[in-house]
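As structure tokens, the structure follows; a few thoughts come after it.
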Amino acid sequence: MIILGIESSCDETACAVMQDDTTLLSHVVDSQITIHRQYGGVVPEIASRRHIESIYPVVDAALKESSLSLADVDLLAVTAGPGLIGALLIGLNFTKAISLVKDIPFVGVDHMAGHLLSVFLGENKPEFPFVAIVASGGHSSLFYAKSYTEFELLGRTRDDAAGEAFDKVAKILGLPYPGGPEISLQAQNGDRDKIKFPRSWLEKGSFDFSFSGLKTSVANYVHKTEERTPEFLADVCASFQEAVVDVLSAKAVQAAQFKKCQQVVLAGGVAANPRLRDLLGKRCRSAGLNIAMPPLDYCTDNGAMICIAGYHQYRQNGPSSLDLDVYSRSPLIMQG
Ligand code: KG4
Ligand code: ZN
């Protein structure tokens, strides 16, 4: 089966073509980062407009790169939510139009399911069941994945998502959007034990997260001093990053032990963080757990993860109907 996957939930217009859930034939991403950077974050209306401009060329480029045409495509997969409503509508309506005109079935896919399944784009593929930590700009959630389509929510963020905390702390420090890559770069030269920022563990046994207290603590620390030397910045970045990855990785290991499962998966934009990959890897190994993560290129938003999620959803539940609507909050997150 040839699947064409489209993603437009935030500030990337992305398209990929895959054969089944195994062979990636093409992968094109038009990132809007440089456009939104001047405003310090994503401006929804500008994002929608840019998606309108780029969706046709991006899909066309992905088809060309795969050396296929729409006549070869068996299934269209598109992100239906969660995300920015205006941005999601561009991808969904574009997909519906192709579906109708070319008579190709389509499935609306959950973005979080896409991130979670992006791990199957890597060499090291996990076996079900597994505990997955999905940390992105909009969400930080722990799931118990029983199959390609069944995800039990174990915990979620009660305020800021992990990526959101990176983005907001970067803003406090005067670093550009998106904050995650900038902070991880700065952190390489810093001392992660220099400042003891608070870790929010919440109630005993809770797999929920909270990062807004940490963000406030960084803001207070930074505003108390005039110092802005490269050393100062690097130490704040490294110490803040450590507080985030400490909690994320500890809770992921605890969740795997709680569910008595051997396999942990890390996904979402924040999974591109080298310190998180390293620390979670170490903690999993010392707890006797296997760890799997998507390759770096597939941690942040892409069409390939939507192909995989769409492929399995279609096999399980068949196509979506033309009256499918977009949604801003994921039913996967609201289940708990
Ligand atoms: O999954 P994603 O591309 O979009 C959403 O679904 O939100 O994730 C984007 C988020 C941003 O908040 C960005 O700062 C964060 O992922 N991110 C990182 C890194 N690279 C991207 N966070 C920490 N370290 C990184 N290296
Ligand atoms: Zn995402």
Side-chain angles (χ1 to χ4, degrees), residues 5-14 16 27 29-33 36-37 40-42 44 47 78-84 87-88 91 109-119 121 132-141 156-157 160-173 175-188 190 192 209 211 214-215 237-238 240-249 266-280 293-306 308-309 328-330 332-333:
I6 295 178
E7 154 62 40
S8 73
S9 67
C10 190
D11 57 347
E12 264 99 26
T13 321
H27 157 66
V29 180
D30 176 51
S31 170
Q32 306 177 3
I33 282 177
H36 297 288
R37 184 165 272 172
V42 178
V78 62
T79 306
L84 303 170
L88 289 162
V109 168
D110 191 278
H111 186 78
M112 300 294 284
H115 273 305
L116 190 152
L117 297 174
S118 66
V119 68
L121 292 160
I133 180 145
V134 182
S136 68
H139 302 89
S140 307
S141 309
R156 61 187 154 183
T157 185
D160 292 349
E164 192 179 355
F166 271 94
D167 296 338
K168 288 179 174 171
V169 165
K171 213 170 188 177
I172 292 166
L173 295 172
L175 297 171
Y177 172 86
E182 288 294 328
I183 287 182
S184 54
L185 205 66
Q186 295 277 342
Q188 282 173 4
R192 56 181 174 247
F209 299 99
F211 293 110
L214 169 63
K215 172 196 66 190
C237 286
F240 157 74
Q241 174 178 272
E242 196 63 14
V244 177
V245 304
D246 186 13
V247 175
L248 288 176
S249 55
L266 171 66
V270 182
N273 184 277
R275 176 63 185 151
L276 177 57
R277 293 172 86 92
D278 182 47
L279 186 65
L280 181 60
M293 333 182 189
L296 282 180
D297 276 356
Y298 303 102
C299 290
T300 45
D301 294 348
N302 64 85
M305 68 185 200
I306 303 305
I308 297 194
S328 61
R329 297 188 61 203
S330 173
L332 295 179
I333 308 300

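In listed order, ligands and their atoms are each counted from 1. Hydrogens, waters and symmetry mates are skipped; everything else that's a heavy atom, side chains included, is used.
Looking only at protein heavy atoms, the nearest one to atom 11 (C) of ligand 1 is Asp167 OD2, 3.6 Å. With hydrogens left out, the protein atom closest to atom 2 (P) of ligand 1 is Asp301 OD1, 3.3 Å, a heavy atom. Among protein heavy atoms, atom 26 (N) of ligand 1 sits closest to Ser184 OG, 3.2 Å. Ranking the protein heavy atoms by distance from atom 7 (O) of ligand 1 puts Gly137 N, 2.8 Å first. Distance from atom 24 (N) of ligand 1 to its nearest protein heavy atom, with residue and atom name: Asn273 ND2, 3.0 Å.
Residue side and main chain included, His115 places an N/O/S atom under 2.8 Å of the Zn ion (ligand 2).
With contacts defined as side-chain heavy-atom distances shorter than 4.5 Å, the pair His27/Tyr298 qualifies. Residues Asp297 and Asn302 fail the side-chain proximity criterion, which asks for heavy atoms closer than 4.5 Å. Cys299 places a side-chain heavy atom less than 4.5 Å from the side chain of Arg277. The closest side-chain heavy-atom distance from Leu121 to Pro294 is not below 4.5 Å. When side chains are defined from C-beta on, Asn273 counts as touching Phe166, because their heavy atoms get closer than 4.5 Å. The shortest distance between side-chain heavy atoms of Val109 and Glu7 does not fall below 4.5 Å. Taking the side chain as every heavy atom from C-beta outward, Gln241 and Arg192 never approach each other to under 4.5 Å.
Among the atoms of His111, some N or O lies under 3.5 angstrom from an N or O of ligand 1. Checking only distances, Gly269 does come within under 3.5 Å of ligand 1, N or O to N or O. Considering backbone and side-chain atoms alike, Pro274 places every N or O at 3.5 Å or more from each N or O of ligand 1.
Nearest N/O/S atom of His111 relative to the Zn ion (ligand 2): this is NE2. Nearest N, O or S atom of Asp301 to the Zn ion (ligand 2): atom OD1.
Those atoms of ligand 1 that come under 4.0 Å of a heavy atom in Thr300, given as number and element, are 3 (O).
Heavy atoms from other residues, nucleotides or ligands lying under 6.0 Å from CZ of Arg37 number more than 12.
The parts of Pro181 lying near ligand 1 are both backbone and side chain, judged by heavy-atom distances below 4.0 Å. Residue His115 touches ligand 1 through its side chain alone, judged by heavy-atom distances below 4.0 Å.
In this structure, Ser9 contributes its side chain and Gly83 its backbone to no donor-acceptor pair below 3.5 Å.
In this structure, of Gly180, Gly138, Gly83, the residue bringing a heavy atom nearest to atom 22 (N) of ligand 1 is Gly180.
Under the 30°/60° scheme for interplanar angles, the aromatic rings of His111 and His115 are found to stand perpendicular.
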